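Below: the structure, in structure tokens.
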Amino acid sequence: MISVRIVLTDHYITPVNSQFDPVYSKLRHPIKQVPIIRIFGPNEEGKKVCLHLHGIFPYLLVKSPTDEIRYGEQLAQSLDMAINLSFEKGNTDTKHVHDINLVELLPIYGYHEKMVKFWKIEFYNPSIIRKAADLLLAGAVMNQEFQPHEAHVPFNLQFFIDYNLYGMNFILFNNACERNSSQITTNLSTASNQTTTISSVPRVSSCELEYDVHIDDICNKPPQIGKGIANPGLQALWNVGRILLDLWRILRSEITLNIYTFENAIYHVLHERVPHYDISLLSKWFIDEGLNPSFGLRDFVTLLDYGWTHSMGNFRLLYELDLINKTSEFARIYGIEFYHVLSRGSQYRVESMMIRLAKCLHFITVTPDNRQRLYMRAPECIPLTLEPISNIYFTPVAVLDFQSLYPSIIMAYNICYSTCLGRIDQLDKQGLFKFGCTSLTISDKVLSNLNLDTDIFCSPNGIAFVKRHIRRGILPVMLEEILATRVMVKNTMKLIDKKSTLYKTLDARQLCLKLIANVTFGYTSASFSGRMPCVEVGDTIVHTARTVLERAIDFIRTNPHFGGRVVYGDTDSLFIQFPHSTRAQAFEQSHLLVKALNQLYPSPIKIKFEKIYMQSVLASKKRYVGMSYEIVDQKQGKFDAKGIETVRRDTCLIVSKILQQSLKLLFQTKDVTRVRRYVQFECEKILTNRFNLLDFIFAKEYRGKTRYHPSAPVPALRIAIERAKTNPLAEPNQGERVPYVIGFNTELLNANLIDCVWTLDKVLQYKSQFKLNSIYYIKKQILPALDRCLALIGVNVFKWIDNLLIDVNSNDKQQGSVLDENIHRNTLRQRCIVCLQLTTTPLCNECREEEDLSEIMIICETKANKLERQHANLQRLCLACSDRMDGWFQCSTIDCPIRFRLHKITQLMLNAQETRKFVYNEC
DNA sequence: TTTAGGCAATAGGCTCCGTTCTT
DNA sequence: AAGAACGGAGCCTATTGCCT
């Protein structure tokens with residue numbers, strides 16, 4: 001037996017080889033070309049193998065109006081003709097259909113009582129399937145409309161499913177033909193106990209072994225669970241070099257960062273700082289070394305070190321996030337290839353799992369085309385999101401959650417494509433009615449076999465489903481399996497050391513099971529892009545979920561003795577305030593409530609206690625924050641924010657910092673005055689230029705040059721166009737987050753916000769001209785965010801900074817936009833070094849006259865000294881990271897606060913030194 | 001090639017309408 | 001006194017990113 005781990009697959013078309021392939025079709029024509037599936041991966045000894053699988057043909061199915069064999073042949077002929085006609089200049093004799101067979105299957109789409117006869121049409125070329133499906137549906141074949149089935153399943157996946165193969169698992173076969181290699185002509189000892197023969201076909205890959213295999217020789221058994229945790233197959237990924245991982249794209253979906261530069265990822269994942277040198281600097285170092293070895297050697301070492309750090313950094317990121325293991329686990333469980341876990345969407349995953357199950361039960365899936373999707377009835381239901389009773393709560397608020405609500409509903413009510421009878425009001429009418437994106441007939445005979453009371457579940461939106469004793473739906477069966485497995489995995493995890501590899505693997509398994517359970521609903525209602533959407537199914541799930549939630553709300557309202565009041569809820573969650581309880585009491589009350597609520601619902605629908613917010617803010621729908629407690633004895637609450645600016649990435653760090661600190665202060669002290677003082681202090685720091693620029697960087701996703709409305713004032717777009725002008729390659733990638741800050745535009749009189757955008761390069765290049773638009777940041781970013789929370793208790797935060805702005809406001813009341821005014825107002829202000837009053841000179845006039853000269857000089861000296869010391873300290877920190885004395889100057893990272901702080905301190909130090917000079921001269 | 005819709009929020013354009021300035 | 005200019009309210013669209 002030979003076994004090969006399936007790491008990567010592809011397919012190609014090749015002329016017939018009589019040694020492996022059929023040469024004559026049963027449809028009585030000679031075969032010219034056949035499809036071959038290739039599988040790459042290591043065998044059990046770790047040798048790289050390339051398999052060529054013969055004898056597999058892609059296929060689709062159509063319902064048969066008759067079961068005459070003759071009819072099938074006509075159908076094949078007519079289809080060939082239609083395809084040839086559709087290629088205008090094609091040879092009209094080309095054969096596309098390899099074979100056609102009659103099979104009996106159960107359509108999954110809508111309830112069908114009995115098996116239906118289908119023609120299974122096999123083709124030579126996988127890429128012809130789409131076209132054939134379109135032609136069949138369009139009525140171009142035999143003057144009749146055929147609804148294609150399973151045409152949307154990609155060839156390789158179809159093969160995986162039919163032969164029970166899973167990505168990253170083994171494919172087994174007992175007979176193979178080795179392709180000869182000039183390098184290892186004699187070394188066949190490993191294969192001596194196997195039934196291999198030498199193939200005449202030349203090799204095409206660089207793999208050590210290359211086999212031709214016929215499909216009939218595959219002997220895969222059901223997968224062995226628990227095997228394959230240590231994973232030698234993974235080595236092959238790197239050796240073969242066939243899978244290219246775009247780490248940036250992976251990280252983008254894996255972790256939430258403000259900006260996905262290498263340096264920032266390293267910092268957030270590995271908690272290390274690394275420098276960033278501009279590519280032009282690197283090439284300068286590289287070239288200099290050649291020209292002037294003695295001078296450049298130091299630079300050259302940095303260059304090598306830099307390259308090393310970067311390459312190793314990528315691996316360390318992969319390792320730290322356990323990406324390879326995780327992705328392999330996903331591949332095994334979903335049964336798809338390794339790379340497809342990363343590159344393809346979740347529909348593909350659902351399909352792999354669902355169609356496998358469906359095939360076991362002789363179900364067949366339908367393939368709708370775009371037009372059919374388009375004409376599907378629009379959904380009528382949306383999830384329930386309550387308008388929150390917005391307030392700041394200092395009494396406990398409990399959060400209850402329905403556990404996997406959508407999957408539970410699917411299971412509880414046996415909701416599936418295959419159990420759906422369609423709309424109840426259409427049932428009494430005879431004939432074809434619209435169903436999802438195709439149509440369905442439920443005959444009188446079928447109906448009369450069903451007892452309307454006991455055999456049918458009618459959803460609140462008027463869709464009927466047969467109950468489980470009549471027909472078990474595919475979706476509920478699949479979900480039950482998935483969730484039961486997940487429970488099993490989680491139980492095993494409890495027994496295992498948390499640091500072990502096994503634990504990580506199991507964790508990946510349970511995570512991937514959870515993901516698939518959640519997207520199953522999405523698959524049924526993906527109306528615009530879905531591969532097999534069905535509005536009836538999707539709508540029912542949503543509507544039932546709605547009624548489930550409404551019922552809970554109603555129960556709480558009508559049972560006031562629980563002491564709770566619903567203040568908010570979204571889709572499957574409920575926020576319940578206990579106005580007269582302590583935290584401990586609220587825990588008890590909510591547990592009682594959960595118990596009572598669970599009596600209302602059929603299994604497995606279950607509501608669960610999640611947490612208690614003690615001190616919380618419900619700002620608006622999908623926006624709230626609070627100090628959360630998950631267990632009674634928890635000492636310290638956890639700051640838990642949803643949807644507000646502290647978790648959003650479309651503002652800058654300063655906003656989330658100030659908001660978070662303010663809220664914490666408010667929660668701890670319940671004293672608005674303290675919050676006010678804090679905010680005023682922070683705003684003053686910004687206005688007087690004492691801040692770290694890092695906190696003021698916006699970084700938003702760039703969608704790509706052509707993906708914007710022509711007039712859209714998007715900073716990322718403006719920057720991208722600007723960059724592309726000098727170097728087309730410098731245009732940001734699609735999805736890249738482009739950093740910028742808001743300053744002033746002194747050239748334009750009527751500047752819009754977008755005209756005030758500065759890239760960081762520009763800021764550092766024209767340091768003296770750049771002034772942070774502090775008014776914008778305060779008035780348009782920081783205060784509105786605070787206002788949304790604090791306005792709930794009647795605080796006007798905008799008034800807080802009035803006196804801070806008074807002296808600038810009294811200036812010329814120019815016409816123009818707010819921004820325009822700010823240009824005139826934003827004279828760099830400073831404080832008198834002695835009395836700390838705001839002035840325009842380093843020393844205010846009063847102090848100059850009154851204070852003792854020597855004292856002033858001491859103050860000056862101390863200040864300058866202090867800054868010089870700070871500067872030296874920061875430089876040392878920088879040295880530790882870059883290993884260069886001039887590191888802070890050369891490094892161009894935008895993710896390091898130390899670098900910005902150093903720039904800042906340098907400036908302050910120079911200012912202080914100037915002040916010192918000023919005082920010496922003046923006095 | 002592609003799970004979904006809901007939601008809040010910012011920026012900026014446009015129109016309407018009342019107020020203020022200019023001739 | 002008539003007309004122009006201004007500025008705010010209200011509405012719309014585009015864009016972004018989070019929630020379940």
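Note that the structure is predicted; figures quoted are calculated from it, not measured. So that the names make sense, note that chain A is the first sequence line, chain B the second, and so on, each numbered from 1. Note: hydrogens, waters and symmetry copies are ignored here, and every other heavy atom, side chains too, is used.
- When heavy atoms are screened at a 4.0 angstrom cut-off, A:Val647 is found touching the sugar-phosphate backbone but no base atom.
- Aromatic ring pairs are classed by plane angle as parallel below 30°, tilted from 30° to 60° and perpendicular above 60°; the pair A:Phe698 and A:Tyr740 is parallel.
- Residue A:Phe402 is classed as having no contact, given no heavy-atom separation below 4.0 Å to the nucleic acid.
- Among the heavy atoms of the strands lying under 4.0 Å from A:Ile754 are primed sugar atoms or P, OP1, OP2 only; no base atom is included.
- Using modelled atom types, no side-chain atom of A:Gln660 and backbone atom of A:Thr646 make a donor-acceptor pair closer than 3.5 Å.
- Residue A:Asp650 places its side chain closer to C:dT16 than to any other of C:dT16, B:dG12, B:dG5.
- Comparing the C1' positions of B:dT3 and C:dC19 gives an interatomic distance of 15 Å, to the nearest angstrom.
- Between A:Asn518 and B:dA4, a side-chain N or O to OP1/OP2 separation shorter than 4.0 Å is absent.
- Counting non-hydrogen atoms under 4.0 angstrom, A:Tyr708 reaches the backbone sugars and phosphates but no base.
- You'll find that the side chain of A:Glu701 is closest to C:dG17, out of B:dA8, C:dG17, B:dT3.
- Rounded to a whole Å, the CZ atom of A:Arg249 is 14 Å from the P atom of B:dT2.
- A residue-by-residue look at A:Arg373 and A:Lys621 shows that A:Arg373 has its nearest nucleotide of DNA chain B further toward the 5' end.
- Of the listed nucleotides (C:dG17, C:dT15, B:dA11), C:dT15 has the atom at the smallest distance from the side chain of A:Arg703.
- Among the atoms of the strands shown, base atoms are found under 4.0 Å from some heavy atom of A:Arg648.
- Remark: C1' of B:dA4 and CG of A:Leu405 are 15 Å apart, rounded to the nearest angstrom.
- Note: CD (A:Glu351) to C1' (B:dT2) measures 12 Å, nearest angstrom.
- If you check every strand for non-hydrogen atoms under 4.0 Å, A:Arg737 touches sugar and phosphate atoms only.
- For the OP1/OP2 pair of B:dT3 and a distance below 4.0 Å, the side-chain nitrogens and oxygens of A:Arg531 include no atom meeting the criterion.
- Remark: P of B:dA8 and CD of A:Glu645 are 13 Å apart, rounded to the nearest angstrom.
- Under 4.0 angstrom from either OP1 or OP2 of B:dA9 there lies at least one side-chain N or O belonging to A:Arg788.
- At C:dC19, none of the side-chain N or O atoms of A:Arg623 fall inside 4.0 Å of OP1 or OP2 (strictly under the cut-off).
- The side chain to side chain donor-acceptor pair (under 3.5 Å) search around A:Glu731 returns A:Tyr702, not counting sequence neighbours.
- A side-chain donor-acceptor contact under 3.5 Å links A:Glu351 and A:Tyr523.
- The distance between atom CZ of A:Arg649 and atom P of C:dT15, rounded to the nearest whole Å, is 19 Å.
- Not one side-chain nitrogen or oxygen of A:Tyr624 sits closer than 4.0 Å to the OP1 or OP2 atom of B:dA8.
- Nucleic acid contact for A:Pro533: none, since no nucleic acid atom lies under 4.0 Å from a heavy atom of the residue.
- Nucleic acid contact class of A:Ser346 (heavy atoms, under 4.0 Å, all strands): base.
- Pairing partner, B:dT3: none, since no Watson-Crick or wobble contact has both distances short of 3.5 Å.
- The environment of A:Lys606 atom NZ is sparse: at most 12 non-hydrogen atoms of other residues, nucleotides or ligands sit within 6.0 angstrom.
- Checking side-chain atoms of A:Asn264 against main-chain N and O of A:Ile259 turns up a donor-acceptor pair under 3.5 Å.
- For the pair A:Leu342 CG and B:dT2 P, the interatomic distance rounds to 13 Å; values are reported in whole Å.
- For the pair A:Asn258 CG and C:dC18 C1', the interatomic distance rounds to 14 Å; values are reported in whole Å.
- Among B:dC7, B:dA11, C:dT20, the nucleotide with an atom closest to any side-chain atom of A:Leu753 is B:dA11.
- Checking B:dG6, C:dT20, C:dT15 against every side-chain atom of A:Pro383, the shortest atom distance belongs to B:dG6.
- Between A:Gln734 atom CD and C:dT15 atom C1' the separation is 15 Å, expressed in whole Å.
- Distance from the side chain of A:Val714 is smallest for C:dT16 among the nucleotides B:dA9, C:dT16, C:dC19.
- For the residue pair A:Glu645 and A:Ser656, no side-chain donor N or O sits within less than 3.5 Å of a side-chain acceptor on the partner.
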